[in-house]
Amino acid sequence: MNLRRLAVVALAVGTLFAFPGTSLGDSFRVKAVGSSPADFRWNPDFRHITKGDRIVWKNTTNTTHRVVAWKGAWSKETDVPPGETTSKRFRKTGAFFFRCTIPGHSSVTNGECSGMCGEIHVVR
């Protein structure tokens with residue numbers, strides 16, 4: 001290796017150590033499961049993750065579902081057709097609630113969600 005090429009490689013390696021960037025975190029799955037509106041649910045319906053981690057919602061049913069933020073300081077509203085996924089990286093700590101708003105899949109009464117509802121708890 002010539003001297004110029006060696007210097008370029010050394011500079012590149014040094015830059016990687018000087019500016020390591022931010023960690024992208026881990027990914028965790030939440031699946032839509034069930035065979036009818038009466039038994040559709042998120043599995044698991046609770047995830048405990050670390051700031052910077054990502055949640056991937058996967059629809060394993062034959063019906064479209066919708067991931068909608070309904071509590072917490074965040075926004076998400078995405079349709080997830082059968083076999084598809086959607087994701088969100090959580091960069092802030094807190095409790096983040098979500099539900100499927102397709103009619104019959106979940107309901108909210110007096111601030112309590114029943115049916116296809118879930119929670120993401122993000123810590124440092």
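Of all heavy-atom pairs between Cys100 and Ser106, the closest is O-OG, 2.6 Å. Between Thr64 and Pro81, the shortest heavy-atom distance links the atoms OG1-CA, 3.7 Å.
Once rounded to the nearest 0.5 Å, the distance linking NZ of Lys31 with CZ of Arg41 reads 9.5 Å. Rounded to the nearest 0.5 angstrom, Arg91 CZ and Lys88 NZ are separated by 8.0 Å. Taken to the nearest 0.5 Å, the NZ atom of Lys58 stands 7.0 Å off from the OG1 atom of Thr85. Taken to the nearest 0.5 Å, the CZ atom of Arg99 stands 11.5 Å off from the NE2 atom of His105. Here the OG1 atom belonging to Thr60 is positioned 11.0 Å from the CZ atom belonging to Arg29, to the nearest 0.5 angstrom. Atom-to-atom distance recorded for Arg54:CZ and Ser87:OG is 4.5 Å, nearest 0.5 angstrom.
By the 6.0 Å contact criterion, CZ on Arg47 is enclosed, its count of non-hydrogen atoms from other residues, nucleotides or ligands being greater than 12. Within a 6.0 Å radius of NZ in Lys76, more than 12 heavy atoms belonging to other residues, nucleotides or ligands are found.
Only one option out of Asn62, Thr63, Thr61 pairs with Asn59 in a side chain to side chain donor-acceptor pair (under 3.5 Å); it is Thr61.
Inter-residue side-chain proximity for Glu112 and Asn110 is flagged as unmet; no heavy-atom pair is nearer than 4.5 Å. The side-chain heavy atoms of Cys113 and Trp70, taken from C-beta on, include a pair separated by under 4.5 Å.
With sequence neighbours left out, Ser36 forms a side-chain hydrogen bond (donor to acceptor under 3.5 Å, both in side chains) with Asp39.
Apart from Phe90 itself, the hydrophobic cluster it occupies contains Phe28, Val30, Phe40, Trp42, Ile49, Ile55, Trp57, Val67, Trp74, Val80, Phe96, Phe98, Met116, Ile120, Val122, where clustering links Ile, Leu, Val, Met, Phe, Trp and Tyr at side-chain heavy-atom distances under 4.5 Å. In this structure, Val56 stands alone, with no Ile, Leu, Val, Met, Phe, Trp or Tyr side-chain heavy atom under 4.5 Å from its own, directly or through other members.
Formation of a donor-acceptor pair under 3.5 Å by the Asp53 side chain with backbone atoms of Asp26 is found in this model.
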> When you look at Thr93 and Arg124, which way does the side chain to side chain donor-acceptor pair (under 3.5 Å) test go after all the steps?
Replying inline: CA-CA 6 Å; Thr93 59; Arg124 276 190 125 32; 5.3 Å; no
